[in-house]
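What follows is a short report on a single structure.
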Amino acid sequence: MGFLSIPLIKSSGSRLPDGGYSVARTLGIIFVTYFSWIFSYILGFNLTAVLTAFLLLCVISFVLYRKQRSFPYRKVMIINELLFVSGFLFFLLVRMHLPEIYRHEKFMDFAFLNAVMNTTSFPPPDPWFAGGLMDFYYYFGYLSVAVIGKLSAVRPSILFNLAIALTFALSLNAFFGLGYNLTGGKVKYGALTVVFGTFLGNLQGLKEFVSMYVYHEQISRGYYWSSSRVIPFTINEFPYFSFIHGDLHSHMLAIPFQLLILTFLLNMYLRKNSNPIFENSLALIVFSVSLGFLFPFNSWDFPVYLGLTLLVIFAFYCGNYIHDRNSFNAVAKSSSSLILISIFSSLPYLLFYLDFNPQAAGGFDFVLPESRTEIGKFLILFGLFLFLVFSLIANRLNSAKKIVFAVLFTGVSVLLSKTWEIPLLSVLLPLFALSFLFFLRDIPRRSASGFAFLLIATAAFIALLCEVIFLDDPISGEFARMNTVFKFYMHLWVFLAIAASYSFYELGCRYSGENGNRTFFKKAVKKTWTVMVVVLIISCAVFPVVSTLTRIKDMNAIPTLDGMEYMKELDTGDYNAIRWMQENIKGSPAILEASEDNSSYSYTCRVSANTGFPAVIGWARHERFWGRDHKEVRNRIKDVSSIYSTGSEEETLELMEKYNISYVYIGRLEKQIYPVRLEKFENKNHFEPVYEGSAIIYKLKEAP
């Protein structure tokens, strides 16, 4: 899809040294996914709809190419293709040694993916609540994977692992492109941005390494886990952790799509001496549809990137006003841009919004002082990046007046942090204020450094926001702000990684220009600074190396890409029966399998997870979290138990009709949990045994 999308991306990335080629594949996935979704309302979601969408993208690209008659530079194409292939193959090799679709929330992800693969209409059925729809969840991440799966005819249990490798490779390309474009086409800084954004971990990795391998202390949950739990009672994932952890969550799948929007915004920011902000109407539509794609993909991302878009539009038209002093033109065009972006980022997804009915969130609440983040924990997470961006800011304080102002402001921030009991305020308030000030000062010339300062200011603002308010979801008590920190701290990593690599570039350029007249003191400072950067990079590099090796060693799996292979040893009966279901049962019929109130994060609901066929009730804790009525969840658990254990055929048929159950699955797990009364299923007037092995599957016969 990368080559197909070149004409589309070229129309929106004219100011970038790589022409936007680094994110062309990601853009192609967006449009094939979107068109497939639209065509599904006419043709149903099937291979025909996906092929039609693919052909439509081909036609659009061909028409645009005939007008443009140009391709990116050969160097740009070769570097990006080599980077993509090497990244894909590297993580494919990693996934071959970590293939299991089991433990943590992989069952949930696989259930959603299978449900989308099976559905013919949207929203797809909820695989863990028969009769319900997935209208509470942003499912476009799974849809984008399902579209690729239908095009490639890959089995879902293999597609799961391929999708992680693909997302890793797309992220590599996008991070490289941003570093390359910010530095005016410098390959080594594109590579540095890849390392910072995709490969490095936080300093907790070094701390755990010393604990385990120097002091030989026991670490719960193995080496890699604690690097994502640095701030107590929260989740602090970063890209490499998400990739090596291997849950196919939307926040991980969304990384290259976020970076696509950043690439568009960088192009818009760099459009000097141009009016309006978009090259043409097509560029406006392509950007808006891509921005709008974030909400049904991973809704937490949309407000962040919408806010960034507003700031870039403000900078663009404010810069134009400074040059031409035409206030009416600036206000009118910025307003029209905002209105058009709002329309074209929401209207194409109207069908999604009409069905979307989230019930998990209930507004916002304030963070209690005892739950706020300690400075030390924050430095463990972002120490390397903060050192580099603060170095850039300090380098910009090139007069005594600026230095005095910065020192005084930092002092005030420290006092406020004590008064308001927000420890991070002493670090983040100066970071936000100074970086935002440098962003504003850059508006007249709109250079790459201004964009980097915008990313720094945005990261600081988001981090401060997480210390004040959180999204009020069903998780309460000490873990109340867990999801807020979890979702938004990924943005912090992305923004600070890009800004830090740019900081390294700019500082390097400034130091290299002083070779002739550098004093002994300046040389000593530069050497000390360089040593500190190298030490920090090496410290952060411990995590990816050790976590990869230890995860592979702990998994001890036979290399394969099939995520169901583990089941052959765990329960061969389940493996054979579920494979039979995948190959012989079509559509999305409701099934009966074991479930308990404490089923979440367990092997329970493995049939619905591996097939996508809706179970009467799946992981109960998750369904309650998503907003299902607690009483109904309890009733469903009770009814499942009744169907298995009752000796009454009448009660069994009545309950099966209640949930429209077509298949009854009886494996080793069901026999362990319930006193299964098999005799009622032997009545051939009502049931037909369609599969018999160590697991048995009965099909309910249709009424005459």
Side-chain angles (χ1 to χ4, degrees), residues 2 13 16-26 72-94 165-202 238-244 255-256 258-260 262-263 266-267 382 384-385 387-389 391-392 448-449 451-452 455 493-512 529-530 532-545 548:
L16 302 175
D18 74 348
Y21 185 77
S22 58
V23 289
R25 276 190 183 84
T26 305
Y73 294 118
R74 184 181 299 176
K75 172 187 171 183
V76 169
M77 294 178 67
I78 291 173
I79 291 173
N80 276 279
E81 291 306 310
L82 287 174
L83 187 63
F84 176 82
V85 171
S86 58
F88 183 74
L89 292 177
F90 164 69
F91 224 79
L92 205 61
L93 183 64
V94 172
L166 175 63
T167 306
F168 180 83
L170 291 173
S171 301
L172 253 64
N173 265 151
F175 272 118
F176 174 82
L178 281 161
Y180 182 87
N181 292 322
L182 275 168
T183 58
K186 303 290 191 300
V187 173
K188 64 180 179 180
Y189 292 107
L192 184 66
T193 310
V194 167
V195 172
F196 280 11
T198 313
F199 282 101
L200 290 186
N202 55 47
F238 46 93
Y240 198 82
F241 175 91
S242 300
F243 290 126
I244 201 71
I255 293 172
Q258 297 171 30
L259 297 173
L260 168 69
L262 284 181
T263 303
L266 176 60
N267 180 71
F382 303 109
L384 168 63
F385 301 155
F387 180 75
L388 285 167
V389 299
S391 296
L392 179 63
S449 64
F451 190 80
L455 295 182
W493 185 279
V494 169
F495 296 160
L496 290 176
I498 295 167
S501 62
Y502 177 81
S503 299
F504 188 85
Y505 159 74
E506 184 171 309
L507 289 167
C509 290
R510 285 174 179 263
Y511 279 128
S512 64
W529 181 87
T530 303
M532 291 180 70
V533 171
V534 170
V535 169
L536 284 169
I537 290 175
I538 292 173
S539 300
C540 292
V542 171
F543 176 84
V545 175
T548 304

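Residues Leu259 and Ser171 come closest through the heavy atom pair CD1-O, 3.9 Å. Here the shortest heavy-atom pairing between Gly197 and Pro239 reads O-CG, 3.3 Å. Taking both residues in full, the closest heavy atoms of Val194 and Leu172 are given as CG2-O, 3.4 Å, listed atom of the first, atom of the second, then distance. Between Val187 and Phe176, the shortest heavy-atom distance links the atoms O-CE1, 3.6 Å. For Phe387 against Val533, the heavy-atom pair with the smallest separation is CE2-CG2, 3.5 Å. Nearest heavy atom pair, residue Val76 against residue Pro17, reads CG2-O, 4.3 Å.
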Assess the residue pair Leu182 and Phe451 against the criterion (side-chain contact (heavy atoms from CB on, under 4.5 Å)); give the C-alpha distance rounded to whole Å, side-chain angles, the decisive distance to 0.1 Å, and a yes or no.
CA-CA 8 Å; Leu182 275 168; Phe451 190 80; 4.0 Å; yes
side-chain contact (heavy atoms from CB on, under 4.5 Å), that's the test. Do Phe241 and Asn202 meet it? Break it down for me.
CA-CA 10 Å; Phe241 175 91; Asn202 55 47; over 6 Å; no
So Phe385 and Trp493, side-chain contact (heavy atoms from CB on, under 4.5 Å) or not? Walk me through it.
CA-CA 9 Å; Phe385 301 155; Trp493 185 279; 3.7 Å; yes
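Between Phe199 and the options Phe238, Phe543, Phe168, a ring pair (Phe, Tyr, Trp, His ring centres under 6.0 Å) holds for only Phe168. Checking each of Leu89, Leu93, Val94 against Phe91 for a side-chain contact (heavy atoms from CB on, under 4.5 Å) leaves exactly one that passes, namely Val94.
Leu496 CG to Ser501 OG: the interatomic distance, rounded to the nearest 0.5 Å, is 10.5 Å. Between atom CG of residue Asn267 and atom OG1 of residue Thr263 there is a gap of 9.0 Å, rounded to the nearest 0.5 Å. Note that the CG atom of Leu388 and the CD1 atom of Ile537 stand 7.0 Å from one another [nearest 0.5 Å]. Taking CG of Asn80 as the reference point, atom OH of Tyr180 lies at 8.5 Å (rounded to 0.5 Å). Taken from CZ in Phe88 to CG in Leu166, the straight-line distance is 6.0 Å, to the nearest 0.5 Å. Atom-to-atom distance recorded for Asn173:CG and Thr26:OG1 is 7.5 Å, nearest 0.5 angstrom.
Between the side chains of Tyr21 and Glu81, at least one donor N or O sits under 3.5 Å from an acceptor N or O.
Using a 4.5 Å cut-off on side-chain heavy atoms (C-beta onward), Val23 and Pro256 make no contact. Counting heavy atoms from C-beta outward, Trp529 and Leu507 have side chains that approach closer than 4.5 Å. Between Leu262 and Val494 the shortest side-chain heavy-atom distance falls below 4.5 Å.
Side-chain atoms of Asn181 come within 3.5 Å of backbone atoms of Asp18 as a donor-acceptor pair (strictly under, hydrogens ignored). Put simply, the side chain of Thr198 never gets that close to the backbone of Val195: no donor and acceptor are under 3.5 Å apart.
Between Tyr240 and Phe243, a ring centre-to-centre spacing not shorter than 6.0 Å is recorded.
Within 6.0 Å of atom CZ in Phe504, 12 or fewer heavy atoms from other residues, nucleotides or ligands are found, so the atom counts as exposed in its surroundings.
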